[in-house]
Amino acid sequence: MTQRAWDRPWCASFNVENLEQKVEVVGWIRRRRDLGGLVFVDLRDRTGIVQLVFETEMLSYGEKLSPEDVVRVEGTIRRRAEGQANPDLPTGEIEIRVSGCEVLTSAETPPFVVEDDTNASEELRLKHRALDLRRPKMVSNLILRHRVVAEARRFFDEMEFLEVETPILTRSTPEGARDFLVPSRVHKGEFYALPQSPQLFKQMLQVAGVGRYVQIARCFRDEDLRADRQPEFTQIDVEASFITEEDIFFLIERLFGCIFPMVGIDPPETFPRLSYAECMERFGSDRPDTRFGLELVELGPQCEGCGFRVLESAAEEGRVKGILLPGGADYSRKQLDGLAEFVKPYGAAGVLWFKLTADGVGSPAKKALGEDGCRRFLEAAGAGEGDLLLVVGAPERVVFAALGALRVHLAGERDLIPKDRHDFLWVTDFPLLEHSPDDDRYFAMHHPFTAPLPEDEALMESDPGVVRARAYDVVMDGVELGGGSIRIHSAQLQRQMFAALGIDAAEADERFGFLLEAFRYGVPPHGGIALGLDRMIMLMAGRDSIRDVIAFPKTTSASCLLTEAPSGVDEDQLKELGLKV
RNA sequence: GGGGUCGUAGUUCAGCUGGUUAGAACGCCGGCCUGUCACGCCGGAGGUCGCGAGUUCGAGUCUCGUCGGCCCCGCCA
């Protein structure tokens with residue numbers, strides 16, 4: 001029998017090549033099928049299941065087993081009876097005739113059935129995560145994640161990157177997401193912050209001459225959650241010296257070429273590149289899903305003097321664009337009202353629609369525009385009979401947000417997204433700065449160390465809003481997988497950047513002084529990228545929630561149902577920290 | 001911070017315009033069964049309708065509040 005635990009076979013490791021072997025297996029009872037004089041039991045571990053057979057003198061042992069009991073059994077591998085093989089199971093041709101059985105622990109009835117098609121709510125699954133993680137789908141997500149990380153480490157090692165750990169207890173650097181703060185006991189009234197990303201440290205490492213840095217890094221942001229956003233998440237964090245955008249693109253394209261084939265996705269050797277401006281104009285999004293059409297069409301010129309005041313003023317003061325939905329003329333009034341509602345959270349007043357049918361044009365704007373006026377819009381969009389044109393007129397950022405979201409919504413509703421297609425692309429030439437109307441100042445769109453495009457540098461002072469950045473995102477199927485930039489390494493340029501951001505020398509020194517100081521002693525040109533590991537695994541596993549690929553995720557209210565974190569603490573603990581609540 | 005939606009046996013749900021004993025399926029318990037793999041058949045137990053107020057003769061159902069899950073907007077350099 002087995003000598004070492006490490007040599008003991010996994011449940012799903014058996015097949016017809018093991019016939020007649022005496023084996024010992026351990027695992028959890030998945031299901032019992034008691035036929036009276038014969039009991040079948042499925043035994044499960046993380047690799048899968050194997051069927052145990054209890055008969056004759058072992059019958060009484062089998063009868064006592066219930067789901068999730070932990071057992072060790074001995075037995076002999078044998079071929080299943082003629083015609084009794086289960087083709088759905090890797091171990092379906094064999095079974096273990098049990099000759100010895102020890103219940104290591106018996107389990108209470110679980111709150112839900114531990115199987116892939118469990119109908120347990122996510123809330124219940126999170127409360128009983130250990131049970132949930134026994135489900136084959138969840139196990140396979142954990143395994144996939146492990147393999148991706150292992151492959152990424154192998155890849156970066158081969159590319160001569162150095163993995164360096166950066167601090168979890170670090171310094172708050174506002175401008176960005178809200179920080180998680182950790183009170184200091186030694187320095188009462190002062191706080192550490194958990195890193196939103198290892199940004200400053202990885203740049204320090206370039207000054208240090210590491211040259212090529214990588215880290216599978218946990219990051220923390222105290223912002224509201226979403227299906228694809230958790231307060232702590234993992235990045236594949238990359239930074240390198242003496243490189244350009246082209247080197248980063250090459251690196252990541254190579255990396256994806258190693259990773260995505262694990263799930264049967266073959267990325268192209270090089271990814272298409274689209275400028276930020278083009279993305280916004282064509283897709284209304286800086287992370288476009290290019291797997292389907294429905295591109296935005298320009299309708300500004302058609303609005304001019306069209307006679308419909310609403311459109312005229314929208315075109316003058318903002319933008320008017322539309323989406324042509326081929327065959328969409330079958331949308332009912334109710335569905336169209338639904339689309340108008342859909343668009344409202346993005347700031348649009350509604351959606352103006354035009355239908356082209358055999359009977360002519362249908363539109364709420366027909367009265368104002370007339371049949372011919374409506375046709376001008378339909379023609380501009382290239383509409384044919386049976387098509388639907390949806391139009392939004394509003395300030396530019398609203399038009400993009402509303403139509404960008406509507407486009408994805410329509411594609412889902414009409415099932416226009418090819419299942420087996422996956423699109424990768426680079427989005428480039430992001431704006432360097434973003435104007436905030438509320439604060440009437442500029443914020444760094446990426447972060448304050450992002451370099452401007454050389455040809456735009458001259459505009460830093462005169463017209464900072466139009467300066468483009470040496471920043472890039474990698475996008476897959478409409479999901480932002482990561483982003484990065486070439487950094488500023490010139491003190492002069494950095495001063496200009498701070499000036500544009502309204503950060504004076506004293507403030508810059510207080511916030512980032514340690515990095516700026518390091519830069520004075522020989523900073524190499526450098527740049528990098530950070531990839532969202534959780535999202536990447538989510539896409540690879542074909543899930544639509546990041547929680548399914550994180551072992552112990554938090555709920556949308558940022559609590560952990562398993563540990564009930566966050567929780568109150570003792571008065572003593574607070575006192576030691578000099579805190580009052 | 002805002003909007004939407006859900007909360008009823010262990011679980012997933014049904015429960016109409018407020019009405020008498022709150023149902024189903026799966027699971028669980030007991031019995032029968034030697035080739036099942038969602039085993040089958042027979043029987044049984046199991047409910048503070050999230051919590052708290054209110055309206056009403058009467059509330060799972062209506063109203064308000066509150067807690068929790070999920071989705072979205074804002075936010076996320």
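No experiment lies behind these values; they were computed from the predicted model shown. So you know, we letter chains A, B, ... as the sequences are listed, proteins then strands, and number each from 1.
Using the Watson-Crick or G-U wobble rule with both distances under 3.5 Å, B/U56 pairs with nothing in any strand shown. B/C49 makes up no base pair with any nucleotide shown, lacking Watson-Crick or G-U wobble contacts both under 3.5 Å. Base-pair partner of B/U34: not found among the strands shown (Watson-Crick or G-U wobble, both distances under 3.5 Å). Under the Watson-Crick or G-U wobble criterion, with both distances below 3.5 Å, B/A22 has no partner in any strand shown. For B/C70, the paired base is B/G4 (Watson-Crick or G-U wobble, both distances below 3.5 Å).
Counting any heavy atom pair closer than 4.0 Å across all strands shown, A/S559 reaches sugar-phosphate atoms only and no base atom. Within the nucleic acid shown, A/P110 has no heavy atom closer than 4.0 Å to any nucleic acid atom. Among the heavy atoms of the strands, none lies under 4.0 Å from A/L89. At the heavy-atom level, A/E95 lies under 4.0 Å from base atoms of the strands shown. Counting any heavy atom pair closer than 4.0 Å across all strands shown, A/R32 reaches no nucleic acid atom. Counting any heavy atom pair closer than 4.0 Å across all strands shown, A/S557 reaches sugar-phosphate atoms only and no base atom. Across all strands shown, A/S66 has no heavy atoms under 4.0 Å from either base or sugar-phosphate atoms. Among the atoms of the strands shown, only primed sugar atoms or phosphate atoms (P, OP1, OP2) are found under 4.0 Å from some heavy atom of A/T555. A/Q199 comes within 4.0 angstrom of a base, heavy atoms only.
You'll find that the side chain of A/R229 is closest to B/G74, out of B/U36, B/C71, B/G74. When the nucleotides B/U36, B/C75, B/A38 are ranked by their closest atom to the side chain of A/E223, B/C75 comes out on top. Among the nucleotides B/U34, B/U12, B/C70, the one closest to the side chain of A/N119 is B/U12. Candidate nucleotides B/C73, B/C37, B/G35 were compared by shortest atom distance to the side chain of A/P345, and B/C73 ranks first.
B/U21 and B/C64: their C1' atoms are spaced 31 Å apart (whole Å). One P atom belongs to B/U20, the other to B/U61, and the distance between them is 13 Å to the nearest Å. Atom name C1', nucleotides B/C62 and B/G1: the rounded distance is 29 Å, in whole Å. Taking atom P on both B/G44 and B/A25, the two are 13 Å apart, rounded to the nearest angstrom. Annotation: B/G47 and B/G54 have their C1' atoms spaced 24 Å apart (nearest Å). The separation of B/G31 from B/G18, taken at their C1' atoms, amounts to 43 Å, rounded to a whole angstrom. The separation of B/G46 from B/G30, taken at their P atoms, amounts to 16 Å, rounded to a whole angstrom. Taking the P atom of each, B/C70 and B/U12 are spaced 14 Å apart, rounded to whole Å.
In this structure, A/R470 and A/T450 have side chains that are not in contact, with every pair of non-hydrogen atoms separated by 4.5 Å or more. Two residues are said to be in side-chain contact when any heavy atoms from C-beta on lie closer than 4.5 Å; A/E239 and A/P198 fail this criterion.
For B/C37, the base has a donor-acceptor partner in the side chain of A/R80 [N/O atoms by modelled type, under 3.5 angstrom]. Judged by distance alone with a 3.5 Å cut-off, no donor-acceptor contact links the side chain of A/R125 to the base of B/G69. Contact of A/R221 with B/C75 (side chain to base): no donor-acceptor pair of N or O atoms is detected under 3.5 Å. For a distance-only test at 3.5 Å, the side chain of A/R78 qualifies as a donor-acceptor partner of the base of B/G35.
Under the stacking definition used here (centres under 5.5 Å, planes under 30°), the residue A/F112 fails to qualify as stacked on the base of B/U11.
Between A/R543 atom CZ and B/C71 atom C1' there is a gap of 17 Å when expressed in whole angstrom units. A straight line from CG of A/L124 to P of B/U11 spans 6 Å, rounded to a whole angstrom. Remark: P of B/G31 and CD of A/E63 are 10 Å apart, rounded to the nearest angstrom. Separating the CD atom of A/E68 from the P atom of B/C28 is a distance of 11 Å, rounded to the nearest angstrom. For A/Y346 and B/C72, the OH to C1' distance is 7 Å, given to the nearest whole Å. For the pair A/D117 CG and B/U11 P, the computed distance is 18 Å after rounding to whole Å. Separating the CD1 atom of A/I49 from the C1' atom of B/U36 is a distance of 12 Å, rounded to the nearest angstrom. The interatomic distance linking A/F342 (CZ) with B/C71 (P) rounds to 16 Å, in whole Å.
Sequence order on RNA chain B of the closest nucleotides to A/A558 and A/P67 puts A/P67 first from the 5' end. Take the nearest nucleotide of RNA chain B for A/T118 and for A/T109: the residue whose nucleotide is more 5' is A/T118.
In terms of phosphate contacts, A/T556 brings a side-chain nitrogen or oxygen within less than 4.0 Å of OP1 or OP2 of B/C70. Phosphate proximity of B/U36 to A/Q51: absent, as no side-chain N or O sits under 4.0 Å from OP1 or OP2. For A/R33, a side-chain nitrogen or oxygen approaches OP1 or OP2 of B/C39 to under 4.0 Å. In this structure, A/R226 does not reach the B/C70 phosphate: none of its side-chain N or O atoms is under 4.0 Å from OP1 or OP2.
Checked by atom type, the side-chain pair A/T428/A/E245 shows no donor-acceptor distance below 3.5 Å.
A/F233 does not carry A/R229 over the face of its six-membered ring by the limits of under 6.0 Å from the centre and within 45° of the normal. The cationic atom of A/K64 (NZ for Lys, CZ for Arg) lies less than 6.0 Å from the six-membered ring centre of A/Y61 and within 45° of the ring axis. Geometrically, A/R547 does not engage A/F552 in a cation-pi contact, judged by NZ or CZ lying under 6.0 Å from the ring centre and within 45° of the ring axis.
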Step by step, would you call A/R78 with A/E95 a salt bridge (Lys or Arg N to Asp or Glu O under 4.0 Å)? CA-CA 6 Å; A/R78 71 179 185 194; A/E95 61 194 9; 3.1 Å; yes
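At distances below 3.5 Å, not a single donor-acceptor pair connects side-chain atoms of A/D473 with backbone N or O atoms of A/V475.
In this structure, A/R30 pairs ionically with A/E115, as a charged nitrogen and a carboxylate oxygen lie closer than 4.0 Å.
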